[in-house]
Each structure stands twice: as structure tokens, then as C-alpha cells.
Protein chains: 2
Amino acid sequence: MDYREVFINYLKKNDLQLTKSREIILDAVFETHSHFEIEELYQMLRYKNKKVSRATVYRTIPYLVEAGLVRRLRYSDQNEQYEHIYGHPNHFHLHCLNCDRVIEQNSPELEKNIEKLAKRLNFKIQDYSVSISGHCSLCEEKETERIDINE
Amino acid sequence: MDYREVFINYLKKNDLQLTKSREIILDAVFETHSHFEIEELYQMLRYKNKKVSRATVYRTIPYLVEAGLVRRLRYSDQNEQYEHIYGHPNHFHLHCLNCDRVIEQNSPELEKNIEKLAKRLNFKIQDYSVSISGHCSLCEEKETERIDINE
DNA sequence: AATGATATTGAGATTTGTTCTCAATTATCT
DNA sequence: AGATAATTGAGAACAAATCTCAATATCATT
Ligand SMILES: [Mn+2]
Ligand SMILES: [Mn+2]
Ligand SMILES: [Zn+2]
Ligand SMILES: [Zn+2]
């Protein structure tokens, strides 16, 4: 099942239609292979002369999230970021507070652990996110160098 | 070391002072044993006639986060929530999308998993959060009942 | 204690991401 | 086709968070 079908199923279930606008947004989301903000996505569509309004973009993204196609990310202090997840293996984010880099990692072990934890509580998972914040290896290296020099 | 000392150390390191306002906010945060929003905290202080401005509360919370005393939570779609973490065992959040309940769980196994993952990447953790969203056992129960009746 | 330099605060203005409004448009049903 | 319902777009409205800047508090020095 491709993302289009998933979305159509979701829309049907919720008495919504697959309109031209929604299709444009859906495709844009799956053409974007990085984390994005809604405003960015909207500007990209304008640039490409695809006619959808900001309001519609803002209205549509939550549908994609609900449909399980897109995930809202929570690692950043700044604006909400999103990423498409359907068809991609789950992964976690490590966010460097120094250089703002985001490292993506997957860990089947961690996944299993989370699922086990949820099962024990009879909690039905829809989505989960692991975000780790701290300092990446590159920044740590620089930091220890700096200390070496100064001392 | 109590939270006060931790904060004083942090402030010193950053050439900041422990002022009356900051002290009031610090204490309020550690008197609040639930997740809170900054505006809520501010209103609570007003109610108690503690004189600090909204701006100062907004300015101070990030210091507490940086000092490792407070964590910003990311489970909700609504406003930012915070909780004090210093002196408390780490725990994870399961957020029910139906009833909005938040279940707190700790799992040393999961913690170890995350730490191992970070170590492998030479990533220095400052904080991490695991948030699971879905449906809690109570809501799931009701849901299956509903289906049983209707079918 | 007085002086000057520096840091902090508070009230309200401002910014900014997001949501809302409602008339116009588009799709669906009979 | 005509009636009914859903969706859209432009801009207004909203609200959380940040910024501004004069007043105040704190600190360091004499
Ligand atoms: Mn990612
Ligand atoms: Mn908690
Ligand atoms: Zn870094
Ligand atoms: Zn529930």
C-alpha cells in the first residue's frame, strides 16, 4: 500500500475527500526527504507555483499525522518540525544543543523495549518518539581540545 | 546537593545572580508536583501574591532547564509543559490521545538502552525524553466494548 | 557610605506561528 | 440541472513568547 492509498483510506473513514489541494500537499510531503516546517513547505509550494493556501497546508498536515503518514518532531526549541514516516524504518533523533545537528539512528532493540513497556500497560501505541539532546561527538571533541589548550 | 545549590552553581558559572525573583520561581517549580505550563506557574505566583513579572518567569525557566533541574515535555499538542526532574528518578510519558491522561513509567532497561545508544555515537546526553502517544488501557477497553455492542 | 558600573526587572508593545472567519468555489447527491 | 454539502483562500484574529527600555537592584571600588 502506498502513501496515497493510506491517505485515501483515512479520508474515507473520516468523510473527507481527496481534493487537488490535499493531493499537492501529500505529494510535497513525500518529496521532501528532510525534516520540514509547515511554513517552509508552503513556501516551497509557492515557489513551484502549486496553488494552495497557507490555511489549507496548516489544515492538511494534521490529517497526515492522524493517518500515520507524518510525524511531528519534538527535538527542537524552535518551530514544529515534521517528517514523513510511512514506508521508512522508525528512527530516533539525537539533537546537538551546540551545533543544532540532528543525528538519526535506529535501534530495533530500543523499539522492542518500548513496545514491551506499552504492552505491559495495555497501552495501544500510535506513535512514539525518543529524542535525546546533548552534544554530538564533533562538538565534544572541539570542547575537550579547547580545554586542553587552555590548561 | 539540593536544587538550590545546583541552581546557584549554574548561575555562578554563567555570571548570573540568585535574585529574589529567581528564588521565588525556583521554589515554585519545586513545590509544583505536576506538569505545568509557564503561564500557569505565573498565575499561581500572582495568586499567592509573590511579585514576579511574566517576563521574568519566561526568562528564568530556560535557566532551570539548562541547569538540569527542569525538563521541557513534548508529549502534548498544546502548550509546552515542564516538570522538575532534579532529585527524581527518570521516567517516560505515555500520552492518551483520547482522554489526554498521561501515564508515567520508569524503565531502567530502556534507560540503559538509550545510554548505550548514545555512547556508541560518542554523544554526550544532557537530557532525553521518550514519549509514547496512543490509547490508554481504559480508553481501549471502552472502545472494544463499544464495538461489541454495535456489532 | 558614596559612587559609578553592571545586571535584573516589569509593564506593555511587538512579533510570530497558528487558527479562525466567511464568502466564493468545488464536489456530491437526487 | 439544481440543491446540498464540503473545501478553499485571503486576510483578520488570537495567543504564546519575546523584546524594549526606563526604573530598580546589586556589586565593586574608593
Ligand atoms: Mn528523522
Ligand atoms: Mn512526568
Ligand atoms: Zn554538535
Ligand atoms: Zn485514555
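Bear in mind that the values here come from a model prediction, so they are computed numbers and not experimental data. Residue numbering restarts at 1 for every chain, and letters A, B, ... go by the order of the sequence lines.
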Problem - Arg22(B) or Arg54(A), whichever maps to the more 5' nucleotide of DNA chain C - result: Arg22(B)

Handout entry: 5'-most by nearest nucleotide on DNA chain D - Glu37(B) or Val52(A)
Key = Val52(A)

Exercise for the section: Would you tell me whether Gln81(A) and His93(A) have side-chain atoms, one donor and one acceptor, within less than 3.5 Å of each other? Expected result: no

Practice task
Select base, sugar-phosphate, or nothing to describe what Arg59(A) touches, counting heavy atoms under 4.0 Å on all strands.
Solution key: base

Exercise for the section: Assign Ile38(A) to base, sugar-phosphate, or nothing according to its heavy-atom contacts below 4.0 angstrom with the strands shown. Expected result: nothing

Problem - Whole angstrom value for the distance that separates P of dG17(C) from CD1 of Ile61(A) - result: 16 Å

Completion exercise
Outer limits of DNA chain D sitting under 4.0 Å from a non-hydrogen atom of chain B, read 5' to 3', are dA16(D) to dC27(D)

Practice task
Identify which nucleotide among dT19(C), dG12(C), dT8(C) has an atom closest to any side-chain atom of Leu16(B), counting heavy atoms from C-beta outward.
Solution key: dT8(C)

Problem - Contact under 4.0 Å: Thr19(B) side-chain N or O vs dA7(C) OP1/OP2 - result: no

Problem - Leu110(A) with Leu117(A), same ILVMFWY side-chain cluster at under 4.5 Å - result: yes

Exercise for the section: Using whole Å, report how far CD of Gln17(B) lies from P of dA7(C). Expected result: 8 Å

Handout entry: Rounded distance [0.5 Å steps], CG in Asp127(A) versus CG in Asn90(A)
Key = 7.0 Å

Practice task
Would you classify Lys20(B) as touching base, sugar-phosphate or nothing, given that sugar-phosphate means primed atoms plus P, OP1 and OP2, and contacts are heavy atoms under 4.0 Å?
Solution key: nothing

Problem - Atom-to-atom span, CZ of Arg72(A) to C1' of dG17(C) - whole angstrom - result: 12 Å

Exercise for the section: Describe the nucleic acid contact of Glu80(B) in one word from base, sugar-phosphate, nothing, applying a heavy-atom distance below 4.0 Å. Expected result: sugar-phosphate

Problem - pair Phe36(A)-Val29(A): side-chain heavy atoms closer than 4.5 Å - result: yes

Exercise for the section: Report whether Ile24(A) and Leu16(A) are members of the same hydrophobic cluster (ILVMFWY, side-chain heavy atoms less than 4.5 Å apart, transitive linking). Expected result: yes

Exercise for the section: Looking at every strand, decide which applies to Glu39(B) at a 4.0 Å heavy-atom threshold: base, sugar-phosphate, or nothing. Expected result: nothing

Exercise for the section: Send over the distance from Asp15(A) CG to dT28(C) C1', rounded to a whole Å. Expected result: 12 Å

Handout entry: Test ring pair (Phe, Tyr, Trp, His ring centres under 6.0 Å) applied to His84(A) and Phe7(A), Tyr3(A), Phe30(A), the passing residue
Key = Phe30(A)

Problem - For Thr32(B), the option from Glu83(B), Glu40(B), Met44(B) that meets side chain to side chain contact (heavy atoms under 4.5 Å, CB included) - result: Met44(B)

Practice task
Could you check how far NZ of Lys12(A) sits from P of dT28(C), rounded to whole Å?
Solution key: 11 Å

